[in-house]
K.L.:
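Just passing along the structure, written as structure tokens.
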Amino acid sequence: MRTAIFPGSFDPFTIGHADIVRRALTLFDHITIGIGINAEKRPVFDVEERLQSIAAAFGDEPRVSVKTYTGLTVDFAREEQAEFILRGVRCVADFEYERNMAEANKQLGGIETILLYTRPEYAHISSTLVRDLYQHGRDISQYIAR
Ligand code: ADP
């Protein structure tokens with residue numbers, strides 16, 4: 001059985017995130033979406049809202065589950081007995097960041113990271129953009145996975 005975690009802040013969980021999970025289901029038997037809780041970051045969307053939107057998108061998919069975690073991603077992966085970390089790459093800036101994280105996680109936990117390229121229609125969608133729109137009173141429903 002091939003298992004992966006898909007870790008992130010998901011503040012909020014967007015249609016870009018959902019697309020990565022859906023496409024990765026062709027590679028993995030099970031994916032646990034891990035909402036990383038960072039005590040130093042004040043999220044705009046509370047954990048309940050994030051869990052709800054992930055449940056709306058994947059509630060009827062038994063091969064996807066969702067959990068929250070604190071601490072290091074490699075420790076969460078070990079708890080979940082996951083063999084892989086799944087991440088998405090939108091642009092060159094993401095690539096540099098992901099390469100460093102993948103190397104660190106390989107050294108720390110002996111775990112491989114699998115990267116999927118974002119489809120072009122989702123490449124401009126970031127949680128940061130959606131948060132900005134939300135905080136300026138715009139309708140964000142088209143960006144939120146459901
Ligand atoms: P983090 O705070 O750990 O960077 P994010 O919640 O921003 O987490 O993103 C989680 C993962 O989803 C990252 O690998 C990121 O590159 C990827 N991602 C973010 N936005 C998109 C998108 N629009 N399409 C595909 N992947 C995305």
Side-chain angles (χ1 to χ4, degrees), residues 2-28 30-59 61 63-80 82-136 138-146:
R2 257 172 206 234
T3 55
I5 56 163
F6 182 44
S9 315
F10 306 124
D11 183 28
F13 190 81
T14 68
I15 54 175
H17 294 132
D19 184 59
I20 295 286
V21 173
R22 267 192 212 104
R23 287 163 52 215
L25 281 171
T26 61
L27 301 172
F28 302 111
H30 192 270
I31 299 171
T32 303
I33 300 170
I35 303 177
I37 309 292
N38 180 344
E40 271 152 40
K41 272 199 211 161
R42 176 119 181 76
V44 170
F45 296 91
D46 61 34
V47 171
E48 276 316 309
E49 285 174 285
R50 286 180 270 170
L51 286 169
Q52 251 172 38
S53 106
I54 295 169
F58 293 106
E61 175 48 82
R63 295 196 295 137
V64 176
S65 52
V66 56
K67 290 190 178 163
T68 59
Y69 73 99
T70 52
L72 294 177
T73 299
V74 285
D75 293 334
F76 177 61
R78 196 174 304 123
E79 279 160 30
E80 292 300 307
E83 295 164 274
F84 300 96
I85 295 175
L86 169 68
R87 297 279 289 177
V89 179
R90 287 163 295 187
C91 56
V92 174
D94 276 358
F95 174 82
E96 296 277 339
Y97 177 77
E98 294 299 338
R99 190 194 48 186
N100 292 341
M101 289 301 294
E103 187 52 36
N105 288 330
K106 176 75 181 162
Q107 278 187 21
L108 279 168
I111 189 163
E112 297 289 356
T113 297
I114 305 292
L115 300 176
L116 288 187
Y117 289 107
T118 302
R119 278 161 59 194
E121 60 267 44
Y122 299 129
H124 65 291
I125 302 170
S126 64
S127 295
T128 309
L129 166 79
V130 179
R131 282 198 303 273
D132 278 354
L133 294 173
Y134 177 76
Q135 287 174 314
H136 289 92
R138 296 296 178 96
D139 176 19
I140 57 163
S141 54
Q142 61 178 316
Y143 299 116
I144 302 294
R146 66 192 66 245

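For ligands, and for the atoms within them, numbers begin at 1 and follow the listed sequence.
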K.L.:
Sort and list the pairs that fulfil salt bridge (charged side-chain N to carboxylate O under 4.0 Å, His left out) and have at least one residue in residues 33-59, not counting sequence neighbours.
P.N.:
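Qualifying pairs: none.
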K.L.:
Mark yes or no for whether R87, through its side chain, and D94, through its backbone, hold a donor-acceptor pair below 3.5 Å.
P.N.:
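No.
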K.L.:
Go through the structure and list residues passing side-chain contact (heavy atoms from CB on, under 4.5 Å) with R78, not counting sequence neighbours.
P.N.:
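Result, side-chain contact (heavy atoms from CB on, under 4.5 Å) vs R78: D75.
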K.L.:
Listed by chain and number, what are the side-chain contact (heavy atoms from CB on, under 4.5 Å) partners of A102, not counting sequence neighbours?
P.N.:
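side-chain contact (heavy atoms from CB on, under 4.5 Å) check on A102 returns T113.
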K.L.:
Does a salt bridge link E80 with K67, judged by any charged N lying under 4.0 Å from a carboxylate O?
P.N.:
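K67 and E80: salt-bridged.
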K.L.:
So does R99 pair up with E96, basic N to acidic O under 4.0 Å?
P.N.:
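Counted as a salt bridge, because a side-chain N and a carboxylate O are separated by less than 4.0 Å.
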K.L.:
Would you tabulate the polar-atom pairs, meaning N/O of ligand 1 against N/O of the protein, with distances under 3.5 Å, reported to 0.1 Å?
P.N.:
{"from": "ligand 1", "atom 1": "2 (O)", "to": "S9", "atom 2": "OG", "distance (Å)": "2.6"}
{"from": "ligand 1", "atom 1": "3 (O)", "to": "R87", "atom 2": "NH1", "distance (Å)": "3.1"}
{"from": "ligand 1", "atom 1": "3 (O)", "to": "R87", "atom 2": "NH2", "distance (Å)": "3.4"}
{"from": "ligand 1", "atom 1": "4 (O)", "to": "R87", "atom 2": "NH2", "distance (Å)": "3.3"}
{"from": "ligand 1", "atom 1": "6 (O)", "to": "S9", "atom 2": "N", "distance (Å)": "3.2"}
{"from": "ligand 1", "atom 1": "6 (O)", "to": "F10", "atom 2": "N", "distance (Å)": "2.9"}
{"from": "ligand 1", "atom 1": "8 (O)", "to": "S9", "atom 2": "N", "distance (Å)": "3.3"}
{"from": "ligand 1", "atom 1": "9 (O)", "to": "H17", "atom 2": "NE2", "distance (Å)": "3.3"}
{"from": "ligand 1", "atom 1": "14 (O)", "to": "R87", "atom 2": "NE", "distance (Å)": "3.1"}
{"from": "ligand 1", "atom 1": "14 (O)", "to": "G88", "atom 2": "N", "distance (Å)": "2.9"}
{"from": "ligand 1", "atom 1": "14 (O)", "to": "G88", "atom 2": "O", "distance (Å)": "3.2"}
{"from": "ligand 1", "atom 1": "14 (O)", "to": "E98", "atom 2": "OE2", "distance (Å)": "3.4"}
{"from": "ligand 1", "atom 1": "16 (O)", "to": "G88", "atom 2": "O", "distance (Å)": "2.6"}
{"from": "ligand 1", "atom 1": "20 (N)", "to": "R90", "atom 2": "NH1", "distance (Å)": "3.2"}
{"from": "ligand 1", "atom 1": "23 (N)", "to": "Y122", "atom 2": "O", "distance (Å)": "2.9"}
{"from": "ligand 1", "atom 1": "23 (N)", "to": "I125", "atom 2": "O", "distance (Å)": "2.7"}
{"from": "ligand 1", "atom 1": "24 (N)", "to": "T118", "atom 2": "OG1", "distance (Å)": "3.4"}

